[in-house]
Protein chains: 2
Amino acid sequence: MKLATTAKRALGEALGQAKQRSTRQREHVFAVLLDKRDHPTADEVYARARTTMPTISLATVYNCLETLVSCGLVRQVNIEREPSRYCPNLREHAHFHDLRSGRVLDIDVPTDLITGLKRLLPAGYEAEHIELSFRGKAPTSKA
Amino acid sequence: MKLATTAKRALGEALGQAKQRSTRQREHVFAVLLDKRDHPTADEVYARARTTMPTISLATVYNCLETLVSCGLVRQVNIEREPSRYCPNLREHAHFHDLRSGRVLDIDVPTDLITGLKRLLPAGYEAEHIELSFRGKAPTSKA
DNA sequence: AACTTAATTGGAATGATTCCAAAAATCAAT
DNA sequence: ATTGATTTTTGGAATCATTCCAATTAAGTT
Ligand SMILES: [Mn+2]
Ligand SMILES: [Mn+2]
Ligand SMILES: [Zn+2]
Ligand SMILES: [Zn+2]
């Protein structure tokens, strides 16, 4: 598992802009997220990261995730009271939480719908972030 | 601070249906929520509840809130990683979290918009709950 | 009242996340 | 390349909202 050249450039770019250093651990955590885009928790990222970087610590995974989120490369996804999950999908999207499998699915949201949602706010209220999530049952997979 | 007759009936009704007993503490916690509908945390509910029922425990407040939520009389509102808040507004509504004051405001959401949101889901996906929340700055209050 | 079952209580336990201070790594300037 | 200044990483301790527990109390029933 390796970081694609374009992703690597995006990372360097974003880190530089935030005056943060590029490190082996940050690259690796980012690569882990891009490799399997299934909204892992910090613990899951830690487990995956360790398979190829056995010395990375959980604290560092938390630090890297926090850095990636603050750089805008990764979204932190909070579902109910569960541990945070992390998502490298930068398009505007909502999340569907499947109660049976526990999986989280990305749902694209067209811009005009976002605009419609913003119109619900009373005059003067400015939303800098909108979070939309669904909870329910996904169709049984025809495995 | 007293529970209105209609609220009291709704409570008895909902508890009975769930085969739960009506208790002084449950009535009181419900009354606290209805009295000031500002999305308090469990700690805040505890503080308010104690002013007129000094012997109630924090564990009981958590228990009562959980009961009220499971009866459908109260909504548990989770914002980012903050402590849960509790809301007795049963209409379909979203929440606006004001970054300056920390306050949470109810935003009504028309049914047709909800329908539009549900249409975003791929075929076969059934949402039994939709959560919509805004984070941003409310207009400075003209106090 | 006596009995059965559920709810309340204070305190301990849990668990995701954050904090800390020492060691290691990065970057800039020689 | 070496030095020095600044970040980052690291393991472990601390935090804190929430849950769990076992004993006491209250509710509802006969
Ligand atoms: Mn889940
Ligand atoms: Mn807040
Ligand atoms: Zn996502
Ligand atoms: Zn509300």
Side-chain angles (χ1 to χ4, degrees), chain A residues 8 11-32 39-50 52-71 73-74 76-86 102 104, chain B residues 8 11-32 39-50 52-71 73-74 76-86 102 104:
Chain A
K8 190 157 183 166
L11 177 60
E13 177 75 21
L15 286 174
Q17 209 128 5
K19 294 214 213 330
Q20 308 253 48
R21 293 178 183 172
S22 179
T23 68
R24 238 161 28 90
Q25 289 86 345
R26 284 171 178 170
E27 276 194 24
H28 187 55
V29 166
F30 192 36
V32 162
H39 304 87
T41 63
D43 267 326
E44 286 161 351
V45 172
Y46 178 46
R48 292 176 198 178
R50 286 216 291 184
T52 41
M53 186 185 278
T55 57
I56 195 172
S57 74
L58 177 58
T60 297
V61 168
Y62 272 102
N63 289 338
C64 292
L65 289 171
E66 150 66 20
T67 301
L68 294 171
V69 168
S70 73
C71 286
L73 292 171
V74 167
Q76 181 172 5
V77 178
N78 296 308
I79 290 174
E80 315 263 313
R81 306 260 81 211
E82 297 181 6
S84 284
R85 294 159 179 270
Y86 296 87
V104 173
Chain B
K8 190 155 182 168
L11 177 60
E13 177 74 20
L15 287 173
Q17 209 127 7
K19 295 217 216 326
Q20 306 254 54
R21 293 178 183 173
S22 178
T23 68
R24 241 163 24 92
Q25 288 86 345
R26 284 171 177 171
E27 275 193 25
H28 188 55
V29 166
F30 192 37
V32 162
H39 304 86
T41 63
D43 266 328
E44 286 161 351
V45 172
Y46 178 47
R48 293 176 198 177
R50 285 215 294 184
T52 41
M53 186 185 278
T55 57
I56 195 172
S57 74
L58 178 57
T60 297
V61 168
Y62 272 103
N63 289 339
C64 292
L65 289 171
E66 149 66 20
T67 301
L68 293 171
V69 168
S70 72
C71 285
L73 291 170
V74 168
Q76 181 171 5
V77 179
N78 296 307
I79 290 175
E80 315 264 312
R81 306 260 81 212
E82 298 180 6
S84 285
R85 295 161 179 268
Y86 297 87
V104 173

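Below, read A as the first sequence line, B as the second, and so on, with proteins coming before strands; counting in each chain starts at 1.
- When heavy atoms are screened at a 4.0 angstrom cut-off, B/Thr67 is found touching no nucleic acid atom at all.
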Check the pair B/Thr23 / B/Thr60 against side-chain contact (heavy atoms from CB on, under 4.5 Å), numbers first and verdict last. CA-CA 11 Å; B/Thr23 68; B/Thr60 297; over 6 Å; no
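- Whole-Å rounding puts the B/Arg50 CZ to C/dT8 P distance at 17 Å.
- We find that CE of B/Met53 is positioned 17 Å from P of D/dT25, with the value rounded to whole Å.
- Nearest to the side chain of B/Gln25, among D/dT18, C/dA16, C/dT9, sits C/dT9.
- B/Thr41 comes within 4.0 angstrom of nothing in the nucleic acid, heavy atoms only.
- For the pair B/Glu44 (side chain) and B/Thr41 (backbone), a donor-acceptor distance under 3.5 Å is present.
- Ranking D/dA27, D/dT9, C/dT9 by closeness to the A/Cys64 side chain, first place goes to D/dT9.
- With hydrogens and angles disregarded, no donor-acceptor distance shorter than 3.5 Å links the side chain of A/Gln17 to the backbone of A/Ala14.
- Atom-to-atom, CZ of A/Arg85 to C1' of C/dT17 comes out at 16 Å; the value is rounded to the nearest Å.
- Comparing atom distances between the A/Arg26 side chain and each of C/dA7, D/dT8, D/dT10 picks out D/dT8 as nearest.
- Shortest non-hydrogen contact noted between B/Val74 and B/Tyr86 is CG1-CB, 4.0 Å.
- Distances from the side chain of A/Ile56 to the nucleotides C/dT17, D/dT10, D/dT19 place D/dT10 closest.
- If you check C/dA16, D/dC20, C/dT8 against the side chain of B/Thr23, the one that comes closest is C/dT8.
- When distances run from any side-chain atom of B/Asn63 to the nucleotides D/dA17, C/dA16, C/dT9, the shortest one goes to C/dT9.
- B/Arg26 contributes no side-chain N or O that, together with a main-chain N or O of B/Asn63, makes up a donor-acceptor pair within less than 3.5 Å.
- The CD-P distance, from A/Glu27 to D/dT9, rounds to 11 Å in whole Å.
- When heavy atoms are screened at a 4.0 angstrom cut-off, A/Thr60 is found touching base atoms of the nucleic acid.
- When the side-chain nitrogen and oxygen atoms of B/Gln20 are compared with OP1 and OP2 of C/dA6, none of them lie within a distance under 4.0 Å.
- The listed nucleotides are C/dT9, D/dA17, D/dT10; the one nearest the side chain of A/Ser57 is D/dT10.
- Taking only side-chain atoms of B/Arg21, from C-beta outward, the nucleotide of C/dT9, C/dT17, D/dA26 with the closest atom is D/dA26.
- The OH-P distance, from A/Tyr62 to D/dG12, rounds to 17 Å in whole Å.
- At a cut-off of 3.5 angstrom, counting only N and O atoms as typed in the model, there is no donor on one side facing an acceptor on the other between the side-chain of A/Arg81 and the base of D/dT18.
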